[in-house]
Each structure stands twice: as structure tokens, then as C-alpha cells.
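Reviewing the structure listed below.
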2 protein chains.
Amino acid sequence: MEEEPRWLDAREQRAWRGYLAMQAQLQATLHRRLQADAGLSLADFDVLVALTDRGGEPVRAGELAALLQWEKSRLSHHLARMERRGLVAREDCPDDARGAFVVLTAAGRRAQEAAAPAHVAAVRELVFDGLTSEQVDALIGVTDEVRARIAGR
Amino acid sequence: MEEEPRWLDAREQRAWRGYLAMQAQLQATLHRRLQADAGLSLADFDVLVALTDRGGEPVRAGELAALLQWEKSRLSHHLARMERRGLVAREDCPDDARGAFVVLTAAGRRAQEAAAPAHVAAVRELVFDGLTSEQVDALIGVTDEVRARIAGR
DNA sequence: CCGGAATAGTTGACGCGTCACCCAACGTTC
DNA sequence: GAACGTTGGGTGACGCGTCAACTATTCCGG
């Protein structure tokens, strides 16, 4: 009754291990650089970018969570830490007393503006400057396919 | 004196956001599945695989850290948790009294063998079954290039 | 209007990863 | 063989993410 599993062949192995290594190193490197030259984590940065994309208007917490594809609980914890550091603030929502608005503080906006150029430069340097435009297209194809499969379950 | 940063163009943006989304979702999905049907985290699994690859011989902690590309401190914390659960054991090293050997316990070996087939199946299902062999080649090309750039600094 | 289901968001506990720091053993040099 | 720097590894504090449980509000059927 033993189902022999279909293992990965040599190319697939190589691609998979390469992917795992790349993703770990890339994330670690970008994180360390952002932390070093702006004092922000990647997660902080994502939150700040999502808020600035909304043009400084208050954003409902739930909406922010959906934008980031984060669980509400994660967002709540993270906002608490960012609020402690003065990067964002929470306001209560008049329409729905259960709700909460999140806004960027001046310090938060400054931090985002200070961090962005170096972060983009790092992404360029480590990723896109090394890829041909065919490789970029291929990457889009792969990520779209995998995401579709994950979503499709 | 303002250096205008070179932003990402539309294709690059799309590739980058797609990559970030894919990597987050893929990791989360694989992690949840492994946790659900084997009670292991991805990190646990990596440790167990590294140890079984060494054929059951004790492995020096530092060597294991190098294999996994983990910091020693991370490995130390993780081994402590795995030891508590009976998956691995530490032995002291006769050659070098500072050193520590790590070995798989019987339970650890069983857990790895039980977890592997479903995990490989998930990787296949979510990734490789959806990709053409050209896409796999392209993925290898991209990961190799990016890793080289990270290493090269 | 009342009572229960759904919704918005928070909290606590716990596993995980990093950083900074520590300690013990080693080995080299004089 | 004593002193010194190095190496192997562990620790504690803290930020992060998840899960489960909780609170407060709103919505809806009767």
C-alpha cells in the first residue's frame, strides 16, 4: 500500500534549493540594510508604504490588513510597536465604534521618505541590475503561476 | 545635491511585488501544511534533513550551522527546543571539549520520514507541476544570478 | 425592541530569529 | 607554563508572527 512519492528530479532539486537559499539570503540582506540605514524592519516599511500610498488619509485597520495580506492580529501587534516608536497613530472611527483608523505621523512619513531610496537601490543592485528583461518576464510568469496554484488550492 | 533614485519600471514593479507575494504565501502554505500533518516547522524539517543526509552520524554543531547557513545562536536555540521535544540529542565531543555533537533520535528519524512525502508532494503541487521545463531553467538562472550578487556584494 | 450571530479589533501565550554578550577550552608565543 | 587572542558554543532580552480566546459593537430576524 506504499505510495512511492514522486521526488524532485535533479533540475527541480537544484531550482528548489537555489530558490530557498536565494530567498533566505535576499530577505536577510534587505532587512539588515534597511535596519542599518533607516532603523526600520521590512515589515515597518511595508506598513509605511501602504499608508503613504493612501495619501496620508486615515486607513481602517482591517483595510490595511487586507492590503498587506496580513492577519489582523499581526497588524495589531505591529501597530502597537510602531505606535510606541511614534511612527503611526491610532484614531477612533466615528462611523463604526468598533473600528480604528491608522494614520502616519510626521515622523513616520519622514522615516519612509528617508528609507525608500536606499531600499529601492538595494533591490536594484541585488536583483534587477543582474537580470535581462527576458529573465524579468520569466520571473513574472513563474510568480503568477505559483500564486494562482496557491490561491486555487 | 539630490540624487534622484532610479525607481523600478512597471515590469520590474510587477515582478517584485509578485515575488514578494509569492514568497510570503508559499512559505506560509508549506509551513502550515507541514505543521498540520507532521507537527514540524520548516526549520525543524531542515534540521532533520541535514542530519539524515549525514547518515545518522553525529554532526558537529558548527558544521550543522554552516550546512544550514544558520547563525550558531539560532541553531543553539532551535536545538534546545527540538531536544525538549525529543527529536534530537546533544552529545559531548571527545576531540574538542568545547564542541558538541548533534544526533538524530529515533523519534526524530521517524518524524522526518513521516513528513517528507507530503512535503515534497506539496512543493510539487504548488510549484513544479505548474512550471514548464523552460520556466524551471529560467528560475535556476535567476536564483543563481541573485545569489551571486548577494555573495559578491 | 430583544437576543443571538457576525464583525472589528485586541490580547496572551508561545515558538522563532537576532543581537550582544558571555564562558570555557584551545593553541600559540615568549 | 603563563598570558593572550581565538574559536565553539550557549544565554537573555527583545522584536516578530500565529493561534486561540476575548471584548465591544453592529446587524438582523422575529
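Reminder, nothing fancy here: chain letters follow the sequence lines and each chain counts from 1. All values derive from a computational prediction rather than experimental measurement.
Think of the region where chain A sits on DNA chain D: with heavy atoms and a 4.0 Å cut, that region ends 5' and 3' at D:dG15 to D:dT26.
Neither A:L139 nor B:L26 shares a network with the other; the hydrophobic side chains, linked directly or stepwise wherever heavy atoms of I, L, V, M, F, W or Y lie under 4.5 Å apart, form separate groups for each. Linking ILVMFWY side-chain heavy atoms closer than 4.5 Å, directly or via other members, places A:M82 and A:L40 in a single hydrophobic cluster. When the side chains of ILVMFWY residues are joined at heavy-atom separations under 4.5 Å, either directly or via intervening members, A:L68 and A:F101 end up in two distinct hydrophobic clusters. There is a path of hydrophobic side-chain contacts, each under 4.5 Å, that joins B:L30 to B:V127.
Each of B:R74 and A:G62 has a nearest nucleotide on DNA chain C; the 5'-most of these lies closest to A:G62. Nearest-nucleotide mapping onto DNA chain D: of A:Q35 and A:D95, the residue sitting toward the 5' end is A:Q35. Position along DNA chain C of the nearest nucleotide to B:R81 versus B:E71 favours B:R81 as the more 5'-ward residue.
Residue-environment remark: CG (B:D53) exceeds the threshold of 12 foreign heavy atoms within 6.0 Å. In A:R85, the CZ atom is crowded: over 12 heavy atoms of neighbouring residues, nucleotides or ligands sit closer than 6.0 Å.
Straight-line distance from the CG atom of A:L75 to the P atom of C:dA8: 13 Å, rounded to whole Å. Counting to the nearest Å, the C1' atom of C:dA8 and the CZ atom of A:F101 are 12 Å from each other. In this structure, A:L79 atom CG and C:dA8 atom C1' are separated by 13 Å, rounded to whole Å. Rounded to an integer number of Å, the gap from B:Q69 CD to C:dT18 P is 12 Å. To the nearest angstrom, C1' of C:dG12 lies 19 Å from NE2 of A:H78. We find that CG of B:D96 is positioned 11 Å from C1' of C:dG27, with the value rounded to whole Å.
Interatomic distance, CG of A:L8 versus CH2 of A:W16, reported as 8.5 Å (0.5 Å rounding). Atom CG of A:L20 is separated from atom CD of B:Q69 by 11.0 Å, given to the nearest 0.5 angstrom.
Checking C:dA25, C:dT10, C:dT18 against the side-chain heavy atoms of A:K72 singles out C:dT10 as nearest. Listed nucleotides C:dT10, C:dA25, C:dA8 differ in distance to A:S76; the shortest reach to its side chain belongs to C:dT10.
Direction of the helix axis in the helix from C:dC1-D:dG30 to C:dC30-D:dG1 shifts by 0° between the two five-pair termini, rounded to 10°.
Side-chain N or O atoms of B:E12 include one that pairs as donor or acceptor with a backbone N or O of B:D9 at under 3.5 Å.
At the heavy-atom level, A:R84 lies nowhere under 4.0 Å from the strands shown. Across all strands, B:R90 comes closer than 4.0 Å only to sugar-phosphate atoms, never to a base (heavy-atom distances).
Residue A:R60 has a polar side-chain atom (N or O) positioned under 4.0 Å from OP1 or OP2 of C:dG9.
The base of C:dT7 is paired with the side chain of A:R98 by a donor and an acceptor separated by under 3.5 Å. Contact of A:H77 with C:dG9 (side chain to base): no donor-acceptor pair of N or O atoms is detected under 3.5 Å.
Summarising the geometry of B:A43 relative to B:H78, their closest heavy-atom pair is CB-CE1, 3.4 Å, with the distance given to 0.1 Å.
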